[in-house]
There are 2 protein chains.
Amino acid sequence: MKRARHPDPDELSLIDVLGALNDPIRVGLVRVLADGRERGWGELRVPVAKSTLSHHLRVLRDAGITRTRQEGTRCFVELRGGDLDARFPGLLGAVLGAADRDDVGSHVGVVGGLPEAPADRKPGAPQIER
Amino acid sequence: MKRARHPDPDELSLIDVLGALNDPIRVGLVRVLADGRERGWGELRVPVAKSTLSHHLRVLRDAGITRTRQEGTRCFVELRGGDLDARFPGLLGAVLGAADRDDVGSHVGVVGGLPEAPADRKPGAPQIER
DNA sequence: TTCGATGTTCGCAAAACGTCGAACAAGGTA
DNA sequence: TACCTTGTTCGACGTTTTGCGAACATCGAA
């Protein structure tokens with residue numbers, strides 16, 4: 001596995017970002033990562049083949065929406081909420097809010113539902129990061 | 001010319017909206033319409049064939065981003081900013097702000113630059129085009 | 001009624017996209 | 001060493017999107 005390329009914050013392109021978000025599965029992934037926590041690849045539950053999931057994660061990474069870290073043979077994904085918000089203020093939050101309203105990508109999840117979430121999260125409250 | 005279908009405000013789909021905005025020309029059109037003024041079809045200056053422009057305007061209309069009004073043989077386009085903001089608060093504004101930063105769709109304009117803007121524009125100020 | 005202007009619709013072609021399974025690469029483990 | 005696990009890459013397939021020009025429909029004007 002090669003180490004993937006992550007675009008610099010000032011390199012992010014709006015069209016790339018919107019293009020990456022133009023897919024229910026990818027929006028679902030972003031929603032899962034919206035709490036700011038890093039997630040393991042294998043932890044993600046998406047109803048597609050793993051090659052397809054790999055593709056979607058690559059699109060998100062190439063657009064600068066997520067960051068991928070590698071550890072041994074497995075890797076972890078994280079939302080680049082700060083970078084995104086610095087370059088396109090409010091965009092991610094608006095999309096996450098809209099995705100919540102529209103329930104986009106709800107078939108994407110993680111093992112065990114919302115693990116390690118100590119129940120201090122209101123269901124409807126979009127949370128940009130951290 | 002048939003009268004086109006406009007989706008109801010509560011019918012708007014986030015994926016459709018993001019899909020419609022995932023194109024520099026369409027983002028440019030939205031930017032032109034962002035001031036809330038209605039524009040004539042023929043007033044729009046876009047570097048594509050008219051059949052292609054018709055297509056882009058249809059995508060925007062079908063997504064619920066614009067409204068098209070017909071008057072005799074010509075028609076007028078308008079941004080559905082209110083409807084959009086009611087359903088997806090902040091989304092349009094964030095995209096417009098990001099588009100400004102990224103200068104997306106700057107090759108889209110209207111006849112006479114920014115018409116009816118009474119010469120209070122400094123020559124060096126960034127001008128969308130034409 | 002005939003003509004011109006204005007958009008829309010209809011093929012058509014090229015490119016991009018989402019999806020899959022198979023093959024592969026790399027790190028852990030036995 | 002051989003083997004297993006974890007993701008990525010590759011090639012293929014069908015669908016969608018973008019773009020064009022030509023043909024069409026409709027309205028207003030001559």
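Quantities reported herein were computed from a predicted structural model and do not represent experimental measurements. Sequence lines set the chain letters: A, B, ... in the order given, protein chains first and strands last, and positions in each chain run from 1.
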**Item:** Side-chain donor or acceptor of Asp102(B) paired with backbone N/O of Ser13(A) under 3.5 Å
**Value:** no
### Query
Just by modelled atom types, is the Asp8(B) backbone N or O under 3.5 Å from a matching donor or acceptor in the Asp83(B) side chain?
no
From CD of Gln70(B) across to P of dT26(D) the rounded distance in Å is 11 Å
Separation between CG (Leu96(A)) and CZ (Arg31(A)), nearest 0.5 Å, reads 8.0 Å
Between the CG atom in Leu57(A) and the OG1 atom in Thr66(A), the distance rounded to the nearest 0.5 Å is 6.5 Å
When all nucleic acid strands are considered with a 4.0 Å heavy-atom cut-off, which category describes His55(A): base, sugar-phosphate, or nothing? base
The residue, Glu71(A) or Pro47(A), whose nearest nucleotide of DNA chain C is more 5′ is Pro47(A)
Ranking Trp41(B) and Val48(A) by the position along DNA chain C of their nearest nucleotide, the one closer to 5' is Trp41(B)
Glu38(A) meets the salt bridge (charged side-chain N to carboxylate O under 4.0 Å, His left out) criterion, sequence neighbours left out, with Arg69(A)
Worksheet item: OP1 or OP2 of dG21(D) sitting under 4.0 Å from any side-chain N/O of Ser51(B)?
Response: no
Exercise. Any side-chain N or O of Thr73(A) less than 4.0 Å from the OP1 or OP2 oxygen of dT6(D)?
Worked result: no
Original post:
Are His6(A) and Arg67(A) linked by a side-chain donor-acceptor pair shorter than 3.5 Å?
Top reply: no
Would you call Leu44(B) and Val108(B) a side-chain contact if the rule is heavy atoms closer than 4.5 Å?
no
Residues of residues 12-28 of chain A with a heavy atom under 4.0 Å from any atom of DNA chain D, listed by number, are none
Per the under-4.0 Å heavy-atom filter, residues of residues 58-68 of chain B near DNA chain D come out as none
Is it true that, when you exclude Arg58(A) itself, more than 12 heavy atoms of the residues, nucleotides or ligands shown sit nearer than 6.0 Å to its CZ? no
